[in-house]
> 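The structure follows.
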Amino acid sequence: MATVVETTDKTFETDTAKGVTLTDFWATWCGPCRMQSPVVEQLADEMGDQVTFNKMDVDANPNTPQSFGIMSIPTLLVKKDGTVVDSIVGYHSKDQLKKILDQYL
């Protein structure tokens, strides 16, 4: 069973350097983020052998979201081999996210 790994400003580049990665930018006070997190966790269980799933608390790690111009959360950033290939803003269902990730596998 794959898990969603907490990433930080210090570890983000390393955590997202290889393969397809999805990073969930969130905050504890954000309602839609609390709805998105379980969806990301379900996807990690299903696709964890193909995709690396990370999450980043934007309050604790302001530099990375700022460097990507993330203004709204939840924002899900998809990277392939270290390059951003997609940015998804707002709540999305598991099926919607799976369809997006499948494009990059």
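Quick caveat: nothing in here was measured; it's all calculated off a predicted structure.
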> With side chain to side chain contact (heavy atoms under 4.5 Å, CB included) as the criterion, how do Asp102 and Met47 come out once you've worked through the C-alpha distance, each side chain's angles and the decisive distance to 0.1 Å?
CA-CA 10 Å; Asp102 282 341; Met47 301 180 75; 3.6 Å; yes
> In Å, rounded to the nearest 0.5 Å, how long is the span from CD of Gln36 to CD1 of Ile73?
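Separation between the atoms: 11.5 Å.
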> Ring-plane angle category for Phe25 and Phe12, please: parallel below 30°, perpendicular beyond 60°, tilted otherwise.
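Tilted, since the angle between the ring planes falls between 30° and 60°.
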> If you round to the nearest 0.5 Å, how far is CZ of Phe68 from OG of Ser87?
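Spacing of OG (Ser87) from CZ (Phe68) equals 9.5 Å.
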> So if you build clusters from Ile, Leu, Val, Met, Phe, Trp, Tyr with side-chain heavy-atom gaps below 4.5 Å, do Leu105 and Phe53 land together?
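Result: yes, single cluster for both.
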> For residues Leu43 and Lys98, determine if any side-chain heavy atom of one lies less than 4.5 Å from a side-chain heavy atom of the other.
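Yes, their side chains come closer than 4.5 Å.
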> Thr64: what forms a side-chain hydrogen bond (donor to acceptor under 3.5 Å, both in side chains) with it, not counting sequence neighbours?
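For Thr64 the side-chain hydrogen bond (donor to acceptor under 3.5 Å, both in side chains) partners, ignoring immediate neighbours, are Asp9.
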> Would you kindly confirm whether Trp26 and Leu22 end up in one hydrophobic cluster when ILVMFWY residues are joined by side chain heavy atoms under 4.5 Å apart?
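No.
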> Do Leu101 and Val85 share a hydrophobic cluster, counting only Ile, Leu, Val, Met, Phe, Trp and Tyr and linking them when any side-chain heavy atoms are less than 4.5 Å apart?
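Yes, Leu101 connects to Val85 through the hydrophobic network.
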> How long is the span from the CE atom in Met35 to the OH atom in Tyr91, to the nearest 0.5 Å?
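If we round to the nearest 0.5 Å, Met35:CE and Tyr91:OH are 5.5 Å apart.
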> Less than 4.0 Å between a side-chain N and a carboxylate O, is that true for Lys99 and Asp95?
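No, this pair does not count.
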> Under a single-linkage definition using a 4.5 Å side-chain heavy-atom cutoff for Ile, Leu, Val, Met, Phe, Trp and Tyr, are Val89 and Val40 assigned to the same hydrophobic cluster?
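Unlinked, Val89 and Val40 end up in two clusters.
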> Search all heavy atoms of Pro74 against all heavy atoms of Pro32 and return the closest pair with its distance.
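Taking Pro74 first and Pro32 second, the nearest heavy atoms are CD-CB, 3.7 Å.
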> Please determine whether a side-chain nitrogen of the Lys or Arg among Glu46 and Lys94 lies less than 4.0 Å from a carboxylate oxygen of the Asp or Glu.
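A salt bridge is present here (some side-chain N lies under 4.0 Å from a carboxylate O).
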> Drop me the distance from Glu6's CD to Thr11's OG1, to the nearest 0.5 angstrom.
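Result: 8.5 Å between the selected atoms.
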> Verify, without hydrogens or angle tests, whether Thr75 (side chain) and Ser72 (backbone) share a donor-acceptor contact under 3.5 angstrom.
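Pair found, side chain donor or acceptor close to backbone of Ser72.
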> How long is the straight-line distance from CE of Met56 back to CG of Asp24, given to the nearest 0.5 Å?
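Rounded to the nearest 0.5 Å, the CG-CE separation comes out at 11.0 Å.
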> Enter the distance from Thr21:OG1 to Leu77:CG here, rounded to the nearest 0.5 Å.
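One finds 7.5 Å between OG1 of Thr21 and CG of Leu77.
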> Among Thr16, Thr23, Asn54, Asp15, find the one that has a side-chain hydrogen bond (donor to acceptor under 3.5 Å, both in side chains) with Lys79.
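Option passing the side-chain hydrogen bond (donor to acceptor under 3.5 Å, both in side chains) with Lys79: Thr16.
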> Is a side-chain N or O of Asp57 found less than 3.5 angstrom from the main chain of Ala27, in a donor-acceptor match?
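No; zero donor-acceptor contacts below 3.5 Å.
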> Check Arg34 against Thr28 and note the closest heavy-atom contact, atom names and distance.
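For Arg34 versus Thr28, the nearest heavy atoms are NH1-O, 2.7 Å.
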> Would a hydrophobic clustering, with Ile, Leu, Val, Met, Phe, Trp and Tyr connected at side-chain separations under 4.5 Å, put Ile100 with Ile70?
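In one cluster with Ile100: Ile70, no.
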